[in-house]
Amino acid sequence: INGKKLFSEMWIDPDEEGSSTQAGVERIARAFVKFDIKELGQFKLLLLYGENKATLQLYYPEKMQKSEGSIQKGLKAILEKHCFRIDNIYLQAGGGPTSPVEVFPKIQERKNSVDVRI
């Protein structure tokens, strides 16, 4: 990204609540992306996307805390450019989930997931 090396890991559950064909069940997708940008640090992004609402949480390196306003403005511009409506954006310096199991508890509950690494 902008000449900096990047490592990322992405986990997606396209239908968190089960089959989207079930009557009365709203389809909710959940995505968890971890990326590490050399010289900046580790970022973690959590996206919940349903038919009527979307929430985005971004955990960014603490050393970038003074840039939070610019980060939020940049995120909103990217999302608007791609016609992606987000109802809530939460930003936090540091912290966040450390593993996919924290974000997707059903991985351990059902044990029917496949871990594919590229």
Side-chain angles (χ1 to χ4, degrees):
I1 294 181
N2 294 331
K4 293 179 172 58
K5 293 189 179 209
L6 166 79
F7 172 80
S8 67
E9 178 179 342
M10 182 182 307
W11 293 73
I12 300 171
D13 183 350
D15 196 3
E16 166 174 279
E17 297 300 320
S19 172
S20 61
T21 60
Q22 293 174 331
V25 176
E26 180 181 345
R27 182 176 178 179
I28 298 174
R30 182 181 296 245
F32 177 49
V33 181
K34 291 171 50 175
F35 52 101
D36 197 337
I37 301 174
K38 190 173 184 177
E39 300 167 15
L40 291 179
Q42 188 175 65
F43 295 77
K44 299 169 190 168
L45 182 132
L46 179 59
L47 173 68
L48 295 172
Y49 189 77
E51 293 176 21
N52 298 320
K53 61 186 171 206
T55 300
L56 183 134
Q57 298 174 1
L58 178 68
Y59 301 90
Y60 58 90
E62 289 184 9
K63 67 182 178 183
M64 297 185 68
Q65 196 164 11
K66 291 181 181 179
S67 301
E68 186 171 295
S70 298
I71 294 169
Q72 186 159 11
K73 186 177 177 182
L75 275 173
K76 285 182 178 181
I78 291 168
L79 296 167
E80 287 173 6
K81 178 180 176 182
H82 296 284
C83 301
F84 198 78
R85 193 183 111 234
I86 295 287
D87 296 313
N88 297 304
I89 296 178
Y90 300 102
L91 301 177
Q92 182 177 327
T98 58
S99 75
V101 175
E102 290 179 61
V103 179
F104 303 100
K106 292 180 184 178
I107 290 175
Q108 290 293 353
E109 289 173 14
R110 288 196 235 149
K111 296 188 180 183
N112 66 353
S113 301
V114 177
D115 180 1
V116 178
R117 295 182 188 254
I118 299 173

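- Here the side chains of Phe84 and Leu56 are not in contact, with every heavy-atom distance at 4.5 Å or above.
- Of the possible polar contacts, none joining the Lys53 side chain to the Asn88 backbone as a donor-acceptor pair under 3.5 Å is found.
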(request) Would you check, one step at a time, whether the test side chain to side chain contact (heavy atoms under 4.5 Å, CB included) holds for Leu75 with Leu91? (result) CA-CA 10 Å; Leu75 275 173; Leu91 301 177; 3.8 Å; yes
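- Using a 4.5 Å heavy-atom cutoff, the side chains of Leu58 and Ile89 are not in contact.
- Atom CG of Leu46 is separated from atom CH2 of Trp11 by 14.0 Å, given to the nearest 0.5 angstrom.
- Tyr60 has its side chain within reach of Ile71: a pair of non-hydrogen atoms, C-beta onward, lies under 4.5 Å apart.
- Here the side chains of Lys34 and Thr98 are not in contact, with every heavy-atom distance at 4.5 Å or above.
- Separation of atoms OG (Ser99) and CZ (Phe32) is listed at 7.0 Å; rounding is to 0.5 Å.
- Contact annotation: the side chain of Val103 never approaches that of Asp13 to less than 4.5 Å [non-hydrogen atoms, C-beta and beyond].
- Here OH of Tyr59 is found 12.5 Å from CD of Gln42. Values are rounded to the nearest 0.5 Å.
- The distance from the CG atom of Leu79 to the NZ atom of Lys81 is 11.5 Å, given to the nearest 0.5 Å.
- Ala54 and Arg85 make their closest contact through CB-O, 3.4 Å (heavy atoms, listed as atom of the first residue, atom of the second, distance).
- Between atom CD of residue Gln92 and atom CD of residue Glu62 there is a gap of 9.0 Å, rounded to the nearest 0.5 Å.
- Hydrophobic clustering (ILVMFWY, side-chain heavy atoms < 4.5 Å, transitive): Tyr49 and Met10 are in one cluster.
- Heavy atoms only, all atoms of each residue included: Ile12 and Ala31 are closest at CG1-CB, 4.2 Å.
- Side-chain contact check for Ser8 versus Phe43: every heavy-atom pair is 4.5 Å or farther apart.
- Here Ile28 contributes atom CD1 and Arg30 contributes atom CZ; the two are 8.0 Å apart, rounded to the nearest 0.5 Å.
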